[in-house]
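Heads up: the structure comes next, in structure tokens.
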Amino acid sequence: MRRAAGNGVYKRKLSEEEKLLLLMKRGDQEAFRRLYELTAKGIYSYALSILRHPQDAEEVMQDTYLTAWNQARQYRPEGKPMAWLFTIARNLCYMRLRRQKDHPYISLEEMEEEVPGELCAGIELAPEKQVLLEALSRLSEEERRIVLLHDAGGMKHREIAEYLECPLSTVLSRYRRALKKLQILMRKQVKK
């Protein structure tokens, strides 16, 4: 932290994400693009950890950035910008889950309209990805979230601990335990 001249107020150094959000407040589209590049992987991983469906996670990720763009003027650089984005994503995930509970059935017409493989072709074409997704779905929500935030989202364990508001040692032990579970589950899936 550095001391502001004359008034005794301490100012902390802003992270790149905070600077980009402040630029977005003024409508800077390049700042928005850069923020997306820096954080999209983590937001997608987080949404996937809650929703468990790649297509839903992709849609929530896109909605998260639309919401962030539309609400950038309300952002205040008091906390971590990733926490602000994760909060938006979490709210959108839970809204989606509530909607799915209200409308759990797909009509025959809706099923006939969908072209198989159109939305998730990369996953449908890769059996090893299906094995991984199946194994991930068998982890607890917290274990899945930690693994995806670290491995797919690129977050450091310390950042995950801050975001989840739990001790670093807890995050590390749950991460290691989840990886062991994944190895066992994936071996069983491959043997089938």
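Reckoned from all heavy atoms, side chains included, excluding hydrogens, waters and symmetry mates.
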Do the side chain of Arg145 and the main chain of Ser49 share a donor and acceptor less than 3.5 angstrom apart? no
Trp84 side, atom CH2; Arg76 side, atom CZ - distance, nearest 0.5 Å: 11.0 Å
Going by salt bridge (Lys or Arg N to Asp or Glu O under 4.0 Å), name the pairs with one or both residues in residues 149-167, residues two or more places apart or in two chains. Lys80-Glu162
If you round to the nearest 0.5 Å, how far is CG of Leu92 from OG1 of Thr87? 11.0 Å
What heavy-atom pair brings Leu85 and Ala68 nearest, and what distance separates the two atoms? CD2-CB, 3.7 Å
Identify, with sequence neighbours excluded, every residue that meets side-chain contact (heavy atoms from CB on, under 4.5 Å) alongside Glu58. Tyr44, Met61, Gln62
Residue pair Val60, Ile50: steps toward the side chain to side chain contact (heavy atoms under 4.5 Å, CB included) verdict: CA-CA 11 Å; Val60 163; Ile50 296 171; over 6 Å; no
Least distance between heavy atoms, Pro81 atom then Ser15 atom: CG-OG, 3.8 Å
Pairwise salt bridge (Lys or Arg N to Asp or Glu O under 4.0 Å) hits with a residue in residues 25-41, at least two apart: Glu16-Arg34, Glu30-Arg33, Arg33-Glu37, Arg34-Glu37
Please enumerate all residues that pass salt bridge (Lys or Arg N to Asp or Glu O under 4.0 Å) together with Asp56, with sequence neighbours excluded. Arg96
Can you list everything that forms a ring pair (Phe, Tyr, Trp, His ring centres under 6.0 Å) with His150? Sequence neighbours excluded, please. His157, Tyr175
For side chain to side chain contact (heavy atoms under 4.5 Å, CB included), just list the numbers for Ile146 and Leu164, CA-CA rounded to whole Å, side-chain angles, deciding distance to a tenth of an Å, and then say yes or no. CA-CA 9 Å; Ile146 290 169; Leu164 296 177; 3.7 Å; yes
side-chain hydrogen bond (donor to acceptor under 3.5 Å, both in side chains) involving Ser140 - partner list, sequence neighbours excluded: Glu143
Transitively linked via ILVMFWY side-chain contacts under 4.5 Å: Leu97 with Leu48? yes
Give me the atom names and distance for the closest heavy-atom approach of Arg144 to Ser137. NH1-O, 3.8 Å
Please report the interatomic distance OG1(Thr170) to CD1(Ile160), rounded to the nearest 0.5 Å. 13.0 Å
Taking every non-hydrogen atom, the tightest pair across Ala89 and Tyr46: CB-CD2, 4.1 Å
Across all chains, not counting sequence neighbours, the side-chain contact (heavy atoms from CB on, under 4.5 Å) partners of Ser45 are Leu148, Ala152
Give every residue pair that meets the side chain to side chain donor-acceptor pair (under 3.5 Å) criterion with at least one member in residues 64-74, sequence neighbours excluded. Thr39-Tyr65
Would Ile43 and Leu66 show up in the same hydrophobic cluster when neighbours are defined by side-chain heavy atoms closer than 4.5 Å? no
Following the transitive rule for hydrophobic clusters with a side-chain heavy-atom cut-off under 4.5 Å over Ile, Leu, Val, Met, Phe, Trp and Tyr, establish whether Leu38 and Tyr36 coincide in one cluster. yes
Any pair counted as salt bridge (Lys or Arg N to Asp or Glu O under 4.0 Å), so long as it reaches residues 166-175, sequence neighbours left out: Glu142-Arg174
Given the rule that I, L, V, M, F, W and Y join up when any side-chain heavy atoms are under 4.5 Å apart, are Ile184 and Leu136 in one cluster? no
Checking side chain to side chain contact (heavy atoms under 4.5 Å, CB included) for the pair Met24/Leu21: CA distance, chi angles, key distance, verdict? CA-CA 5 Å; Met24 282 173 50; Leu21 278 167; 4.0 Å; yes
Remaining members of the apolar cluster that contains Leu172, side-chain heavy atoms under 4.5 Å: Leu168
